[in-house]
Amino acid sequence: MLDKTYAPQAIEDKHYRQWEEGGYFKPGARPDAKPFTIVIPPPNVTGSLHMGHALNNTLQDVLCRYKRMAGYDVLWQPGMDHAGIATQMVVERKLAERGEPDRRQMGREKFIERIWDWKAESGGAILNQLRRLGASCDWSRERFTMDDGLSEAVRHVFVELHRQGLIYKDQRLVNWDPALETAISDLEVQQTEQDGSLWSIRYPIEGAEGAYLTVATTRPETMLGDSGVAVHPEDERHRHLIGKHCILPLVGRRLPIVADEYADPEQGTGAVKMTPAHDFNDFEVGRRHDLEMINILTVDAKINENAPEAYRSLDRFEARKRILADLEAEGLLAGEEKIRHSVPYGDRGGVPIEPYLTEQWYVDAKTLAKEAIASVEQGRTKFVPENWTKTYYEWMYNIQPWCISRQLWWGHRIPAWCGPDGHIFVEMTEEAAQAAADAHYGKSVELTQDEDVLDTWFSSALWPFSTLGWPEETPTLARHYPTDVLVTGFDIIFFWVARMMMMGDHFMKEEPFHTVYVHALVRDEKGQKMSKSKGNVIDPLDLMEKFGADSVRFTLTALAAAGRDIKLSEDRVEGYRNFMTKLWNAARFCEMNECALDPSFDPAKAEQTVNRWILGELGRTRDAVTAALDAYRFNDAAGAVYQFLWHTFCDWYLEFAKPLFSGADEAAKAETRATAAFVLERTLRLMHPVAPFITAELWEFLKGADGAKGDPLILAAWPEEGAEALADADAAREMEWVVRLISAVRSVRAEMNVPAGAKVALAAVDMRAEAKGWLSRHEALIARLARIEAIDHAAEPPKGAAQLVLDEATLAIPLADVIDLSAERARLEKEIAKAEGEIAKIEKKLSNEGFLAKAPEAVVAENKERLADEQAQRDKLARALDRLAQAG
RNA sequence: GGGCGCGUAGCUCAGCGGGAGAGCACUGUGUUGACAUCGCAGGGGUCGCUGGUUCAAUCCCAGCCGCGCCCACCA
């Protein structure tokens with residue numbers, strides 16, 4: 001016997017263990033089946049499950065479980081990302097907390113060892129959290145971006161791209177994080193709006209006493225690195241100055257005044273100070289005019305020795321104050337305007353980013369992007385929803401060289417070695433590099449390996465094939481590459497998806513996946529991004545604790561409408577938890593009524609109208625869920641099952657089944673029991689991808705607790721029968737009529753406020769049907785309703801009974817003593833007016849020749865039917881009003 | 001500045017060329033055997049505004065008004 005209440009905690013662990021121990025998550029059981037493959041977006045090794053993960057992995061699991069049931073050989077490849085900066089920061093923080101030596105004191109080797117220790121101890125907690133969620137990954141294949149195989153893949157790719165000239169070293173401006181003391185890529189820079197000032201500074205013109213060019217800047221300290229001033233070539237105000245010089249205040253350097261279209265005559269004075277070593281635009285202008293690149297900052301953003309002594313070793317912001325004061329003192333500060341402007345920060349927070357001139361490794365992304373663009377243009381990879389395609393193109397067309405070196409310790413060390421004269425050898429191993437160097441120099445020399453590591457995303461870019469065994473030609477790689485669907489959030493389309501496309505195309509000659517399903521962000525109930533600092537984070541682990549994993553999964557699936565952010569609140573989850581309870585109780589009800597699966601049951605031969613009807617509805621639902629999942633319309637899939645189970649199966653079918661269960665017709669009873677069990681069983685299958693735990697539990701119960709229970713639900717086949725197979729048009733029509741009738745009766749009774757003592761319609765309709773063909777005879781039903789009304793009221797005979805006409809039947813219901821007649825009259829009048837409005841609308845339509853000529857026949861017929869219905873409705877209401885008048 | 005998207009019931013949102021929907025909230029009502037984590041009934045919407053296309057527009061197109069996100073720029 002099922003427990004009275006559904007307790008998720010009691011069953012979830014058990015089933016997950018069974019699945020994992022049963023090896024059901026592993027591919028290979030069906031070698032002749034088509035493979036279906038998803039690679040997980042690898043969570044950071046430092047990570048803990050947040051709502052984004054919960055959504056992302058729920059959707060992947062829904063797909064995997066669905067495909068598994070649909071007969072595919074499914075591999076969901078799991079693993080984790082080493083997350084360079086994030087992890088290094090975590091461990092550094094840990095060391096600081098414990099008062100241990102910091103990484104510099106400790107040294108590189110020791111520090112990296114500590115990170116590995118940390119990973120072994122507390123890394124990867126998120127994988128167990130994914131298990132808690134129900135993720136059906138093949139854990140035996142778990143990979144880590146820094147394990148041996150993947151590291152080999154990384155080196156391989158680096159060496160290969162370097163040989164092809166697609167990876168190179170270059171000296172140019174990078175985004176420099178002065179706190180972490182590393183370069184970061186454009187994507188890792190976040191612009192943050194801040195209050196600031198725009199200062200105007202006078203640069204004296206050489207040889208023209210008292211004449212100035214006024215320039216403006218938000219970063220006055222950069223003037224120490226100025227090596228020119230630009231004006232627009234057409235700008236009449238400054239044309240005479242082109243080729244002359246300014247004198248840089250406080251420094252005294254002569255600055256050439258150059259003509260460049262970059263200087264916008266409309267802005268400010270039209271003259272722009274040029275700091276080629278500390279500004280991206282100035283860098284370009286500087287290159288064009290061969291201006292000096294003067295780096296004035298140290299790696300931690302202090303003023304260096306290229307600046308006048310007075311400012312050296314000052315922090316950049318300290319220097320700013322000093323410079324402003326000095327300019328003021330010299331009368332060269334022309335003004336200060338308070339403005340709001342954006343300031344670049346690293347995406348890990350900290351201090352403002354500084355454009356900084358260094359030598360770094362770059363990937364020629366522009367070249368690699370060509371194939372990746374073609375893949376999408378030619379439809380070999382498509383985005384769902386489609387509009388992300390544009391975003392992808394936008395980025396790809398304007399792609400910049402990808403800076404891949406990082407001045408960190410945690411990551412893949414760059415496989416490049418430097419000879420004594422600076423010659424660089426890029427090889428898979430140190431031995432190979434040594435050999436190459438020896439050959440190059442004709443003697444054995446000492447090499448030093450490049451100190452830098454690679455951007456974390458470099459290894460992630462290889463994930464779809466490196467995890468499958470590449471560069472080795474493993475059977476798994478052959479079978480599961482390309483993968484099928486990538487499920488991800490839009491925030492990493494550039495970071496990750498685009499780069500996987502580039503690497504996949506380049507190294508595998510085939511796109512890594514045919515579909516990219518892009519889901520939205522999970523926000524809090526007010527639509528705010530969840531963040532720790534705002535304190536609005538909803539923890540999926542808490543939710544699962546409280547409501548069960550299935551409820552959380554169902555909620556996320558039901559809310560995952562394509563393209564729109566999900567606003568999550570606990571109420572939502574609670575609502576879907578109630579749905580789980582509903583399912584549980586439906587199963588209990590079936591159990592109590594001895595509904596068991598009957599192997600000989602043939603749905604096509606069902607005779608009872610209700611049974612034929614529910615089987616048709618089941619088929620429709622099956623088709624709807626299937627179509628929705630195939631189209632990645634997760635919310636529709638969840639919605640279809642929800643609607644069917646709750647509002648069709650429970651609210652209507654089981655109510656109709658009650659009289660049959662308690663009736664005397666044994667054949668009907670047996671058929672109904674078998675039907676109920678059959679429908680429940682199929683519903684469990686349809687729901688399993690979204691709510692695997694509760695369905696697995698009920699499945700076991702339905703199949704018989706012990707012994708011959710057969711395959712677990714996870715291996716069950718996706719229901720094949722569609723609407724055509726089970727649909728029964730007659731049954732559907734009859735049921736529709738009955739449902740409407742009953743609703744109408746209920747409505748009338750509610751409106752009339754019939755007192756509790758008069759127990760009537762619904763129970764009567766539900767319970768006391770004749771065994772056979774009862775629903776097909778509306779007339780009989782109505783008559784019976786009327787009779788029952790009479791009987792029920794007989795205990796307390798109606799006084800001054802008025803009659804309300806319902807359809808063609810007459811129900812004897814006492815009115816005057818139980819309702820407010822004028823209110824009832826008003827209601828009826830309102831309804832009549834509404835009906836007449838509808839009638840007028842439809843009549844107008846039907847008298848429109850264009851409509852009759854051009855609208856599809858079915859639409860015309862439908863409208864005629866509706867017209868008749870509305871007219872009948874109006875007449876009925878009118879008669880009711882009439883009777884009411886008599887009663888009054 | 002470029003791109004994407006959103007304005008539908010009190011709230012959160014589905015739907016998207018031919019009868020305005022769901023959940024929650026609200027009102028009324030109902031528990032002696034599936035379920036109060038529930039049932040039944042009900043109120044509530046000129047589907048942002050203005051034009052256009054169409055026999056027909058919440059849905060397609062254009063413009064406008066609000067709002068959001070991404071990218072770029074910001075001397």
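All heavy atoms count here, side chains included; hydrogens, waters and symmetry mates do not. Letters A, B, ... mirror the listed sequences (proteins, then strands); counts begin at 1.
Partners of A:F495 by side-chain contact (heavy atoms from CB on, under 4.5 Å), not counting sequence neighbours, listed by chain and number: A:L187, A:E188, A:D347, A:W457, A:I492, A:R499.
If you measure from atom CZ of A:F644 to atom C1' of B:A22, you get 18 Å, rounded to the nearest angstrom. The separation between A:N848 atom CG and B:A57 atom P is 10 Å, rounded to whole Å. A straight line from OH of A:Y6 to P of B:C38 spans 15 Å, rounded to a whole angstrom. The separation between A:N398 atom CG and B:C73 atom P is 11 Å, rounded to whole Å.
Evaluation of atom-type donor-acceptor distances gives no pair under 3.5 Å for the side chain of A:T391 against the base of B:C4.
Counting non-hydrogen atoms under 4.0 angstrom, A:R588 reaches the backbone sugars and phosphates but no base. Residue-level contact check: A:K390 touches the backbone only, with heavy atoms under 4.0 Å from sugar-phosphate atoms and none from bases. Looking at heavy-atom distances under 4.0 Å, A:C650 makes contact with a base. Among the protein residues, A:T218 comes within range of the sugar-phosphate backbone only, with heavy atoms under 4.0 Å from sugar or phosphate atoms but none that close to a base. The residue A:T217 sits close only to the backbone: its heavy atoms come under 4.0 Å of sugar-phosphate atoms, none of a base. Within 4.0 Å of A:A853, counting heavy atoms only, lies no atom of the nucleic acid at all. At the heavy-atom level, A:W646 lies under 4.0 Å from the strands shown only through sugar-phosphate atoms. Counting non-hydrogen atoms under 4.0 angstrom, A:L198 reaches the backbone sugars and phosphates but no base.
The nucleotide whose nearest atom lies closest to any side-chain atom of A:K845 is, among B:G18, B:U37, B:A75, B:G18. In this structure, of B:C74, B:C16, B:G23, it is B:C74 that holds the atom nearest to the side chain of A:Q191. For A:E394, counting side-chain heavy atoms from C-beta on, the closest listed nucleotide (B:G3, B:C55, B:C40) is B:G3. The side chain of A:A855 approaches B:C55 more closely than any other nucleotide in the set B:C35, B:C40, B:C55. The side chain of A:K854 has B:C55 as its nearest neighbour among B:C38, B:C55, B:A75. Each of B:C73, B:U37, B:G18 was ranked by its minimum atom distance to the side chain of A:F851; first place goes to B:G18. The A:F589 side chain lies nearest to B:A34 when the options are B:A34, B:G2, B:C55. Closest to the A:V859 side chain, of the nucleotides B:C35, B:C38, B:G18, is B:G18. Distances from the side chain of A:F494 to the nucleotides B:C38, B:C70, B:G18 place B:C70 closest. Closest approach to the A:H647 side chain among B:G23, B:C40, B:A75 is made by B:G23 (side chain taken as heavy atoms from C-beta onward).
By the 4.0 Å N-to-carboxylate-O rule, A:E591 lies too far from A:R588 to be salt-bridged with it. Between A:R866 and A:E838 a salt bridge is recorded (basic side-chain N to carboxylate O distance below 4.0 Å).
Within a 6.0 Å sphere centred on CD of A:E849, other residues, nucleotides and ligands contribute 12 heavy atoms or fewer. Within a 6.0 Å radius of CD in A:Q191, more than 12 heavy atoms belonging to other residues, nucleotides or ligands are found. By the neighbour-count criterion of 12 heavy atoms within 6.0 Å, atom CD of A:E261 is sparsely surrounded, having that number or fewer from other residues, nucleotides or ligands.
In RNA chain B, the stems built from three or more successive Watson-Crick or G-U pairs (distances below 3.5 Å) are B:1-7 with B:65-71, B:10-13 with B:21-24, B:26-30 with B:38-42, B:48-52 with B:60-64.
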Run A:F547 and A:Y576 through ring-ring contact (aromatic ring centres under 6.0 Å, His included) and show every step you take. CA-CA 9 Å; A:F547 301 111; A:Y576 287 105; over 10 Å; no

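Side-chain contact check for A:K546 and A:S551: no donor-acceptor pair (N or O, by modelled atom type) lies under 3.5 Å.
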